[in-house]
Amino acid sequence: MRLRLAGVCSTDLELSRGYMGFEGVLGHEFVGDVIEATDPAWIGERVVGGINAACLACDFCARDQHRHCEARTVLGILGRDGVFQETFLLPERNLVRVPEHVSDEQAVFAEPLAAALRILEQLDVAPWDRVAVLGDGKLGLLCAWALAEQVHSVTLYGRRPGRVPHPVSIEERPAPPPDLRPSDRYDVVVDATGSAEGLRDALRLVRPLGRLVLKTTCAGSHEVSLAPVV
């Protein structure tokens, strides 16, 4: 593919600080034009794509769990150069055509939006569940918007109020309160802070038997007590 537009993810910044021990070309959020392909029907198409390139031979691939393939490479993250270059490679099976009415500036959000929507694939979130998202960066906003489609209200904790640009059922608040009664804690808490401290705050906010979703990639170590998890 030839690159049209790339996004800079917080994961790229953490990779540059040593996360995953990656060495190579960064970048995994992209819109590109297919310039070479085994199937000629792909040539000339404007595409986005899944970032995990599976081996198709291991036990996980046999269970159709390609994202967890033991031998996978990951675009710009693990064993595969990314998109911050003129041309780059992905398997054809990973590609998704971009509809004509979707601009490059919209399509470049496909990968982080997929990461946000993955929450709704993995969890059975009820409309009445109390949901909190920690972090109002790009991924935090996308997670909050995705969850707001499923539940009556989402609380977004962040440092920059006014980040939600249109009226949806998302309440913006500054830093999480220091103490919450168990009855006031949240059924689902998403950590998208991008910091090692986010997990600690998320554990403090989730109720007993609640669900915690980790969306933070961080080169630093997490120093938290696992007693609440136990």
Check the surroundings of atom [atom1] in [X]: do more than 12 heavy atoms from other residues, nucleotides or ligands lie under 6.0 Å from it?
| X | atom1 | answer |
| --- | --- | --- |
| Asp39 | CG | yes |
| Arg181 | CZ | no |
| Glu223 | CD | no |
| Glu121 | CD | yes |
| Arg159 | CZ | no |
| Arg2 | CZ | no |

Fit a plane to each ring of Phe60 and His68, take the angle between them on a 0 to 90° scale, and name the class: parallel (under 30°), tilted (30 to 60°) or perpendicular (over 60°).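 Ring orientation of Phe60 relative to His68: tilted.
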Do you know which two heavy atoms are closest between [X] and [Y], and how far apart they sit?
| X | Y | result |
| --- | --- | --- |
| Ser16 | Leu26 | CB-CD1, 4.5 Å |
| Ala196 | Cys218 | N-SG, 3.7 Å |
| Ala54 | Arg93 | O-NH2, 2.6 Å |
| Gly82 | Phe88 | O-CB, 3.7 Å |
| Ala6 | Val83 | CB-CG2, 4.0 Å |
| Ala107 | Val48 | O-CG1, 3.5 Å |

Does the side chain of [X] reach to within under 4.5 Å of the side chain of [Y], using non-hydrogen atoms?
| X | Y | answer |
| --- | --- | --- |
| Leu113 | Trp145 | no |
| Val8 | Phe84 | yes |
| Val213 | Val189 | no |
| Leu203 | Val229 | yes |
| Val151 | Pro127 | no |
| Leu139 | Cys143 | yes |
| Thr87 | Leu3 | no |
| Asp33 | Glu45 | no |

Apply side-chain contact (heavy atoms from CB on, under 4.5 Å) to Thr155 and Val133, showing your working. CA-CA 6 Å; Thr155 302; Val133 176; over 6 Å; no
Quick one: does Asp191's side chain have a donor or acceptor within less than 3.5 Å of a partner on Thr193's backbone?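 Judged by distance alone, yes, a pair lies under 3.5 Å.
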Side-chain donor or acceptor of Glu111 paired with backbone N/O of His28 under 3.5 Å: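 Side chain of Glu111 to backbone of His28: no pair is present.
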What's the separation between atom [atom1] in [X] and atom [atom2] in [Y], rounded to the nearest 0.5 Å?
| X | Y | atom1 | atom2 | value |
| --- | --- | --- | --- | --- |
| Leu5 | Glu105 | CG | CD | 5.5 Å |
| Arg185 | Arg130 | CZ | CZ | 11.0 Å |
| Arg80 | Leu90 | CZ | CG | 5.5 Å |
| Gln85 | Met1 | CD | CE | 10.5 Å |
| Asp187 | Asp129 | CG | CG | 4.5 Å |
| Cys69 | Asp59 | SG | CG | 10.5 Å |

Between the side chains of [Y] and [X], is the shortest nitrogen-to-carboxylate-oxygen separation below 4.0 Å, so that they form an ion pair?
| X | Y | answer |
| --- | --- | --- |
| Arg200 | Glu197 | no |
| Arg204 | Asp179 | no |
| Lys138 | Glu29 | yes |

Between the side chains of Arg72 and Asn52, does any donor sit under 3.5 Å from an acceptor?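 Present: a donor and an acceptor within the cut-off.
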Tyr157 vs Leu205, side-chain contact (heavy atoms from CB on, under 4.5 Å): CA-CA, chis, key distance, verdict: CA-CA 11 Å; Tyr157 289 100; Leu205 292 181; 4.1 Å; yes
Consider only side-chain heavy atoms of I, L, V, M, F, W and Y, link residues closer than 4.5 Å, and tell whether [X] and [Y] are in one cluster.
| X | Y | result |
| --- | --- | --- |
| Phe109 | Ile51 | no |
| Leu75 | Val108 | no |
| Leu134 | Val125 | no |
| Leu156 | Ile119 | yes |
| Tyr19 | Leu13 | yes |

Dump the intermediate steps for salt bridge (Lys or Arg N to Asp or Glu O under 4.0 Å) on Arg207 and Asp184, then the final yes or no. CA-CA 8 Å; Arg207 68 164 175 80; Asp184 293 330; over 6 Å; no
Which one of Val154, Val206, Leu180, Val131 satisfies the side-chain contact (heavy atoms from CB on, under 4.5 Å) criterion with Tyr186?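 Among the candidates, only Leu180 passes.
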Please walk me through it: do Arg46 and Asp104 pass side-chain contact (heavy atoms from CB on, under 4.5 Å)? CA-CA 9 Å; Arg46 185 170 62 115; Asp104 288 352; 2.7 Å; yes
side-chain contact (heavy atoms from CB on, under 4.5 Å), that's the test. Do Thr73 and Leu78 meet it? Break it down for me. CA-CA 5 Å; Thr73 60; Leu78 177 66; 5.8 Å; no
